Novice: 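Okay, here's the structure, questions in a sec.
By convention in this document, chain letters (A, B, ...) are assigned in the order of the sequence lines, proteins followed by strands, and residues within each chain are numbered from 1. If you're wondering where the values come from, they're calculated on a predicted model, not measured in any experiment.
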Amino acid sequence: MKRVSILNRKNALTLFLVIVMYAVIQGLIVTDILPPLYTSTLIQVCVYVILAASLNLINGITGQFSIGHAGFMAIGAYLAGIVSVKFHGPLFLSLLVGGIVAAVAGFIVGLPTLRLRGDYLAIATLGLGQIVMIIFQNIDYFGGAAGMQVGRHINWSWAFWVTIISLVVIHNFVNSTHGRACISVRENEIAAEAMGVNTTKYKVLAFTLGAFFAGVAGGIYSNYMYFIQPTTFNFLTSFNILVMVVLGGLGSMTGSILGALIMTVLNVALSGIPSLRMVITALLLIIMMLFRPSGLMGTKEFNLNFLEKKGERNVA
Amino acid sequence: MLKIGNLSKSFGGLKAVSNLNIDIKDGELIGLIGPNGAGKTTVFNLITGVYEPTEGEILFRERKIDGLKPYQVTHRGIARTFQNIRLFADLNVIDNVKIAYHQHAKYSSLGAILRLPSYFKGEAEMEKKALELLKVFRLEGKAREVAKNLPYGEQRRLEIARALAAEPKLLLLDEPAAGMNPQETHELMELIRWIRDTFKLTILLIEHDMSLVMGVCERIYVLDYGTIIAQGGPDEIKSNPKVIEAYLGEEAI
Amino acid sequence: MHSITELLQQLVYGLSLGSIYALIALGYTMVYGIVKLINFAHGDVMMVGAYMGWIAITVFHFPFFPAILFAMIVAAIAGIIIERTAYKPLRNATRIAALITAIGVSLFLEYGGMLVVGAQMRTYPNVFPETMYNIGGIIFKFGDIVMLVTALVLMLLLHFTVQYTKIGKAMRASSFDMEAALLMGVNVNTTISATFAIGSALAAAAGVLYGIYFNSIDPLMGITPGLKAFVAAVLGGIGIIPGAMVGGLVLGITESLVSGFGASTWRDAVAFLILILVLIIKPSGLFGKNLREKV
């Protein structure tokens, strides 16, 4: 008999591991054992994990090749910053507003552009990302090209749990009939449509949801970094997120997390020599495509299924 | 059930289908045949909304369906297979079927994200239905296998199973026997008849294999250069001089 | 900017800039036409060309024409190397894999270049006399005229190469149907390499002209004109050679006018807006035909 319930051994164990991970790191931070640089790196990991997972939803799961993700991150970062600085809103609201405005932008932008295919869509999203950056450069309310002071309103605990919630939401969406509808668009759009899947709706839905979480990640970023500038969100940032997703394996959520972790640590470690860092990123990308185009994980997921009895393995 | 009236479709200057009239009644099993390039697949694409007709109209269960998008046509109760198999090749067999059940899913995105009881109930129901369907097509043992790894004949069967998962009233089969050996074709004939009776369907099929068409179809439309040149029962069609001419050329008469 | 003279003056500026965009756009369009790849690194090949021209002029003390020729030859070789090492192995891979590789090559050239020549800007030597001609109140700089003429000559040369030479015919055949061309005995590998070589050489010429036009170069200089030339190629209809020329000129003039109307900080946004509008309204561009997947 198949048990389909939220209360199973796998979910319990996952939750346990997450709590242990949080407790250990929080303990190290509270006792000042972990130097501030490491805390900052961990929060950046959180930001990029959300960004990579949300881009994976668009690129990997739904197969719509977007390379302008930094644009949505920028919208979230700026709007969240405005809520925190100009309205002294609570952090929760700041992140939510950032996410929602980014999602609205994603919806408006996605509706017309998602009719485009493959590399045409890629280049359109790249252009849109650039336009977002230029808009922020030109609006004085957001500080223009000089940037905006935000201050620090977020700590590790918030960043961590927001990341976990984001991942759970994305995971639950992907592992449902709605996620399968998105995957069917990636696999064969014509067949998906013939099987009754409203492909436009699911493309726009995935794009909007992806933009929402990019906005949330942007919000965490701006609430931690004290200061943001339009050029922070240029297409190098978009490429960086793309590299994480590709490195992990397009379509694999755990792959995206792994990719974000590796790339963020690499970026921090090489931050003293930025051009070398970028050369390594570039070579990584080329070598990956030449020798393992499916990424580290392919479309597979790392999971705890092996802990379960045969036949019990299923949803949730 | 399906009533096509004065349907025409032009691509630029080329008239692929012209002045087509087809009338199919509930529960019929109809064949659509014709030489290569006669416009058979175009007719399917017009019915399913892939192409918009240049002229004429298509009524399905007394409602106009021309101008609808393909997925909307599917929602009205028409499902199809493709001449060149279009499975979700990298997904496993059961997911292929579940995707076609998607339109009947009983939980929302929010229900999925919050993992509400409706999600678990809906998923369990889909799993059960999909497995039942796979059993009918003798594919239940391969439910977790990746679709592209199935042998050709099984891929064809999976495509029919997937179309049935959309729970159609009218099933369109585009050359279901293509690439099958006589043994497989014979089995397919039995299967098509059995599907029609069990699922209470109406079926319209395109086929080149005359043994299948003549053996299984109750009524046949013959298409040549985009127009219907003959229609009737298998025996009428076999002896119709126009049909023989279309297939064999004039000298053969 | 309220008089006709000023408007015409902006058009003249736009023509110079546009001819540079057109030269870069040609490479995008030729490569896309033949291997269906958006060669993201193309703008960076232009940067390589600009540096080669800079070295030729400041280190070897070449005059303008030998310098531009030198830059073109080096860039052509670089183009062939990039194609053979990074793109050729991926010819049968998905287009997205190829696109990601192209992004990788682009980043590699930009930051690899930065490691080699340093991140700082370099002043481009002024190779032309400061002569100006005033025709009806519109000012033509000597350099601008040479640039425009150079660009036009190169485009004409390309046109003749593609239309009348053997390699040009091979290119057209391969871009029409690579498999059929292969079966008809066209050496597709050589043809693709030649396409990259010619495209890269044109980009290098554009790089030298760009350096002269803006007086300075740096390792990231290729990004923006690269993207804009891509916009130009899409505008004209990607894969169509005359389309790229027209697209480049139109974009250059549009940008000039936007700047002339005092909205220069929005200039780049206008280019991308054009891109998105073209993609949405007529993705095949001004000169292209729409294609649809067969069901």
Novice: Who passes ring-ring contact (aromatic ring centres under 6.0 Å, His included) against Phe214(C), sequence neighbours left out?
Specialist: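 Result, ring-ring contact (aromatic ring centres under 6.0 Å, His included) vs Phe214(C): Tyr210(C).
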
Novice: Name the member of Phe272(C), Tyr111(C), Phe230(C) that forms the most heavy-atom pairs with chain A at distances under 4.5 Å.
Specialist: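 It is Tyr111(C).
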
Novice: Should we count CZ of Phe107(A) as having more than 12 external heavy atoms under 6.0 Å?
Specialist: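 Incorrect, the count does not exceed 12.
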
Novice: Give, for atom CG of Leu236(A) and atom CD1 of Ile223(C), the distance between the pair rounded to the nearest 0.5 Å.
Specialist: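 It is 6.0 Å, given to the nearest 0.5 Å.
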
Novice: Using non-hydrogen atoms only, which part of Ala97(C) is less than 4.5 Å away from chain A: side chain, backbone, both, or neither?
Specialist: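 It is both, since atoms from each part get that close.
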
Novice: Under the rule for side chain to side chain donor-acceptor pair (under 3.5 Å), what residues qualify as partners of Tyr78(A), not counting sequence neighbours?
Specialist: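 By the side chain to side chain donor-acceptor pair (under 3.5 Å) rule, Tyr78(A) matches no residue at all.
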
Novice: Mind checking which of residues 27-40 of chain C sit less than 4.5 Å from chain A, heavy atom to heavy atom?
Specialist: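 Result: Tyr32(C), Lys36(C), Ile38(C), Phe40(C).
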
Novice: Between Ile276(C) and chain A, which part of the residue has a heavy atom less than 4.5 Å away: side chain, backbone, both or neither?
Specialist: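 The side chain, not the backbone.
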
Novice: How many angstroms lie between CD1 in Ile286(A) and OG1 in Thr85(C), if you round to the nearest 0.5 Å?
Specialist: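 Atom-to-atom, Ile286(A):CD1 and Thr85(C):OG1 are 7.5 Å apart.
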
Novice: To the nearest 0.5 Å, what is the distance between CG on Leu121(A) and CG on Leu279(C)?
Specialist: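 Leu121(A) CG to Leu279(C) CG: 9.0 Å, rounded to 0.5 Å.
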
Novice: Starting at CG of Leu126(A), measure out to CD1 of Ile103(C) and round the result to the nearest 0.5 Å.
Specialist: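 Between atom CG of Leu126(A) and atom CD1 of Ile103(C) there are 8.0 Å.
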
Novice: Can you tell me how far CD1 of Ile123(A) sits from CG of Leu275(C), rounded to the nearest 0.5 angstrom?
Specialist: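 If we round to the nearest 0.5 Å, Leu275(C):CG and Ile123(A):CD1 are 6.5 Å apart.
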
Novice: Give me the contact list for residues 262-281 of chain A versus chain C, heavy atoms only, anything under 4.5 Å, ordered by residue number.
Specialist: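 Residues in range: Ser275(A), Leu276(A), Met278(A), Val279(A).
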
